[in-house]
2 protein chains.
Amino acid sequence: MSLKNSKIQLQCIACQSRGDSHFSSLKDEDLEILSEHKSCVTYKKNQTLFYEGTRPMGIFCINSGKVKVFKMGSNGKEQILFIAQKGDFLGYRSLLSEELYGSSATVLEPAAICFIPKSDFLKVLHSNPEFFGKLMKAVCHELGVMETKLAQLSQKSVRERLAATILMLKETYGMEGEGSEVIDIVLSREDLANIVGTATETVIRLLSEFKSDKMIALEGKKIKVLDADKLLHEADFYG
Amino acid sequence: MSLKNSKIQLQCIACQSRGDSHFSSLKDEDLEILSEHKSCVTYKKNQTLFYEGTRPMGIFCINSGKVKVFKMGSNGKEQILFIAQKGDFLGYRSLLSEELYGSSATVLEPAAICFIPKSDFLKVLHSNPEFFGKLMKAVCHELGVMETKLAQLSQKSVRERLAATILMLKETYGMEGEGSEVIDIVLSREDLANIVGTATETVIRLLSEFKSDKMIALEGKKIKVLDADKLLHEADFYG
DNA sequence: CGAAAACCATGACAAATGTCATGTTTTCTA
DNA sequence: TAGAAAACATGACATTTGTCATGGTTTTCG
């Protein structure tokens, strides 16, 4: 089950901006408005940006680091919806639907994150139809991605979903490592289980199996993909 | 797991319009543009409006009847994403993200449905910022709804999800019937299973149990809710 | 550093759910 | 309206997955 989504990215004066951003249509004057009242903060691991059920006051723009966005279930178990990273921004969706946050966001690894107040963001948004249009397009795309995740959660086995998740992580965070791919993100087994939508022990067991079958190697928390084709087969992408 | 979503509704000249539509901001001239090239067709049960993987050419506006929107899994099993009814419109999301349809739509009961070509819809949309804004708000809301469904699919048991689904259906399609609520939608057990995300037999068994426990009554395909509180408890809404 | 906490791993078992088989009932349609 | 097809229902059983228990390992932090 793929967590890869078309990340919404925002160029931000003084932040390291990415040239491939979907939001390159922003003019300098708009960027200046966004920068005017923004605050940039460094977060440590496990700090929380916002909590489900609270009122959004602005948007968060991730300059570096990784953030998990999740919903808490009544059993105390998290369901991770996606992992945001450099260039993504968070919290604009609840802002636009004028609702309380529907999910929480917690830092996975040390992060530098800007906060832009609601009013500045909305001002730019409404004065810039092209920007608005691109944002609309991105939200529509994300809705499609979320529907795909829902269907795969319902239709694929845990084993298939874990294989698919490992492949997705490789796509998103893969680094070359002596002929194979090392996944460059520190995820606890519990977090991985909360992405896949299963119990921690089940993930641990399946990882052991994948390792026995030479599909992956485990070096501490790091996962190394040894045989992507075999994983692809496990993920049932051939039907 | 609630399927209730903030339905996006559109007033349509010559169609029976609903006063409570979110899109009452449309002026007559806009409605005229929308009506100009629209075609209204009557569909029978099991006819399909559009197929996953095909290119959207416009939007569908449901005047009467009910339509299931679903994704097909590699095992041939459908996952129903939501059920659209009178006043809803379909297909605008893929249009806006400029992607192929990510799901299919099939008529559940005889329906009258208008089709408005892409160009007319986009013309109105782009000439009417208020309308655009409302649509954006609705899409953002739907994304939140979809995330909630995803989390509940992952975190709740089949039993809990079925109870929640019955309550949702009662909310959406409930009719007064001799002191209790008859759900006015004809869903096969298979469709119900594909909403809940489980096997048909499991749904049948659980319905029998709910019936034994006096929570529901079954009259052919119709489901009657006898004890909503008890169902609510089954759905674990008390945590 | 060193103790405490968190995390990882594995076994044993229970529970939930899916699958297959079979028979009945309802619905469709020629 | 009769026969066929689809849908419903239920039993038996297999499989998957979750839960609990236990012990080893790593990480954290005073």
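Since this is a predicted model, take the numbers as computed values, not measurements.
- Applying the 6.0 Å contact sphere to NZ of A:K118 captures no more than 12 heavy atoms from other residues, nucleotides or ligands.
- No side-chain donor-acceptor contact under 3.5 Å links A:D213 to the backbone of A:M215.
- When the side-chain nitrogen and oxygen atoms of A:K221 are compared with OP1 and OP2 of C:dC7, none of them lie within a distance under 4.0 Å.
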Sequence neighbours left out, cut at 3.5 Å: what donor-acceptor pairs do the side chains of residues 196-209 of chain A make with other protein atoms?
unit_1, atom_1, unit_2, atom_2, d
A:S208, OG, A:I204, O, 3.2
A:E209, OE1, A:R159, NH1, 2.6

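- Residue B:T198 places at least one side-chain N or O under 4.0 Å from the OP1 or OP2 atom of C:dG18.
- Residue A:R189 places at least one side-chain N or O under 4.0 Å from the OP1 or OP2 atom of C:dA9.
- Between chain A and DNA chain D, the heavy-atom contact criterion of under 4.0 Å yields a 5' to 3' nucleotide range of D:dT17 to D:dC20.
- Here C:dT17 presents its P atom at 11 Å from CG of B:L162, a figure rounded to the nearest Å.
- Checking side-chain atoms of B:Q79 against main-chain N and O of B:N194 turns up a donor-acceptor pair under 3.5 Å.
- Remark: B:T202 is not in phosphate contact with C:dT17, judged by side-chain N or O atoms under 4.0 Å from OP1 or OP2.
- Salt-bridge check for B:R93 with A:E147: passed, with a basic side-chain N closer than 4.0 Å to an acidic carboxylate O.
- The pair B:K71-B:E78 does not meet the salt-bridge criterion, since no charged nitrogen lies less than 4.0 angstrom from a carboxylate oxygen.
- A:S94 and A:G102 get closest at one heavy-atom pair: OG-N, 4.0 Å.
- In this structure, the helix from C:dC1-D:dG30 to C:dA30-D:dT1 shows an angle of 60° between the axis at its start and the axis at its end, each fitted on 5 base pairs and rounded to 10°.
- A:S208 comes within 4.0 angstrom of the backbone, heavy atoms only, and of no base.
- Within the model, atoms OG of A:S154 and NZ of A:K149 stand 15.5 Å from one another, a figure rounded to the nearest 0.5 Å.
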